[in-house]
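Notes for the one structure printed next.
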Amino acid sequence: MRGSFEELAMPLFDSLYNFARWLTHDREEAEDLVQETFTKALKGFPSFRQGTNFRAWMFRILRNTFLTSRTGLKSGMTVSLDSEEGESAAAVTAETPESLLLAHSNQKMVQEAIEELPVIFREVILLCDVEEMSYQEISETIAIPIGTVMSRLARARNALRQSLTKKLQGE
Amino acid sequence: MACAAWRNKIGAYADGELSAEDMLDVGEHLRGCASCTADLLSRVQMKRSIQTAGKRFSPSLALRQRIEKGLPPQKKPARLWNWMATLAATCALLLIVSLTFYRSGASQQGRTFAELADLHVTTLASATPVDVVSTDRHTVKPWFQGKIPFAFNLPELGGTPFTLEGGRMAYLEQAPGAQLIFKIGNHRISVFIFQDRRDRRFAPGDTLSRNVTFNMETWAGDNLRYFVIGDADPGDIHKLSELLKSTAGS
Ligand SMILES: [Zn+2]
């Protein structure tokens with residue numbers, strides 16, 4: 001039996017909004033983005049293929065809508081990443097400085113660091129660690145191969161770690 | 001294989017993305033390698049920090065209503081859930097979940113399990129996993145007296161494949177409790193005991209993860225909440241749970 005659109009979509013409402021805020025940095029824009037996402041998704045629902053991932057589908061609509069928005073176009077999301085595919089996935093060691101463990105409790109610092117990430121890094125990190133999507137779901141959401149998901153995640157985490165280290169040293 | 005090569009896999013391990021076979025291999029290496037374990041822990045810590053920091057914005061009620069208004073009206077199903085919730089609350093709750101540490105979902109329940117999984121890993125990675133080292137339940141039990149606000153019973157393990165290694169204090173959301181380490185074969189299992197909280201519901205059937213890193217079983221009895229967690233197979237986790245249950249009330 002197939003769930004109604006509402007049954008499937010409303011449980012994602014909070015997550016979609018959170019993600020939208022992280023993308024847009026703006027409350028009003030995020031609200032518009034979520035609303036537009038729901039409108040588009042409802043319209044497209046009859047063509048949504050059973051057996052494919054509904055959550056990834058919703059997030060993809062939101063992300064694509066964002067990309068074509070004014071903020072999205074300015075966000076540099078479309079900037080090409082050089083030789084991303086060629087990199088080995090998670091070759092970077094975590095090497096968290098001792099002091100970074102303190103950042104565990106320093107939520108504000110982590111939030112700032114995430115905020116400052118380029119949007120293509122911000123989104124993979126949020127989808128993986130906040131939305132807890134699998135690599136496969138992330139790959140479906142942002143339409144890149146799984147290998148690229150892995151290398152991008154590794155680079156994103158590295159960038160975040162460096163930024164946090166810098167912040168901690170600057171304190 | 002050198003540690004550098006393992007690190008490639010540890011990232012995916014932390015994300016719960018390894019095949020069962022790779023996961024076993026990595027687990028095996030981690031048990032003998034402090035530096036890779038430290039690497040894993042820092043990745044985990046980072047993931048947890050991001051998870052907490054990343055859940056930042058909540059939508060307004062107005063937006064929710066606006067969106068709901070745009071949806072086609074639907075017939076509400078019978079209130080099956082209320083009935084089930086009542087049933088669940090009156091029965092002893094038994095729950096078997098498989099989880100990775102970090103993929104444990106947004107729910108309160110998921111966070112609790114993630115926290116316990118963290119405690120379990122941290123304990124195993126620590127140089128002194130237990131504060132009271134003893135295979136004798138009659139030594140371990142009194143050690144907790146005066147340290148935690150409740151008493152509990154431990155089963156006689158003679159004739160079972162389990163051995164007790166010792167215990168330590170544990171904290172779950174600032175509430176003190178007991179953590180006991182049991183061993184079966186090469187696997188270590190943590191048993192956590194805390195005072196049960198009425199506001200914590202552990203619903204059966206909540207799938208917490210796509211990947212099996214740990215198996216966990218939880219139940220409540222005599223106002224205590226038990227969690228049994230480890231990388232041992234679900235059958236062993238269950239066996240130990242049953243042993244604990246059989247002595248809990250005695
Ligand atoms: Zn190693």
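What you see is a predicted model; the values in this text were computed from it and never measured. Throughout, a chain's letter reflects where its sequence line sits, starting with A, and its residues are numbered from 1.
When all heavy atoms of Leu71(B) and Met10(A) are compared, the closest pair comes out as CD1-SD, 3.9 Å. Considering all non-hydrogen atoms of both residues, Val130(A) and Ile50(B) come closest at CG2-O, 3.7 Å. Across Ser60(B) and Phe13(A), no two heavy atoms sit closer than the pair O-CZ, 4.4 Å. Closest approach of Leu42(A) and Gly70(B) over heavy atoms only: CD2-O, 3.6 Å.
In this structure, the side chain of Gln107(A) does not engage the main chain of Ala53(B) through any donor-acceptor pair within 3.5 Å. Using a distance-only test at 3.5 Å, with no hydrogens or angles considered, a donor-acceptor pair links the side chain of Asn18(A) to the main chain of Gly54(B).
Here the CD1-CE distance, from Ile125(A) to Met46(B), works out to 7.0 Å after rounding to the nearest 0.5 Å. Remark: Arg21(A) CZ to Ser58(B) OG distance equals 9.5 Å, nearest 0.5 Å.
Residue Phe57(B) is tested with Trp22(A), Tyr17(A), Phe19(A) for a ring-ring contact (aromatic ring centres under 6.0 Å, His included); the sole match is Trp22(A).
Residues Glu17(B) and Gln136(A) have side chains that never bring a donor and an acceptor to within less than 3.5 angstrom of each other.
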Quiz item: Stepwise, does the side-chain contact (heavy atoms from CB on, under 4.5 Å) test hold for Glu115(A) with Arg56(B)?
Solution: CA-CA 11 Å; Glu115(A) 216 157 74; Arg56(B) 184 179 180 186; 2.7 Å; yes

Practice problem: Decide salt bridge (Lys or Arg N to Asp or Glu O under 4.0 Å) for Arg157(A) and Asp15(B); before the verdict, give the C-alpha distance in whole Å, the side-chain angles of both, and the deciding distance to 0.1 Å. | Solution: CA-CA 12 Å; Arg157(A) 286 183 174 139; Asp15(B) 286 336; 2.9 Å; yes

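Between Pro59(B) and Val34(A), every side-chain heavy-atom pair lies at or beyond the 4.5 Å cut-off. Under the 4.5 Å side-chain criterion, counting only non-hydrogen atoms from C-beta, Lys55(B) is not in contact with Glu131(A).
Salt-bridge check for Asp129(A) with Arg48(B): failed, with every basic side-chain N at 4.0 Å or more from each acidic carboxylate O. Electrostatic pairing of Glu31(A) and Arg64(B) does not count as a salt bridge here, judged by no charged N lying under 4.0 Å from a carboxylate O.
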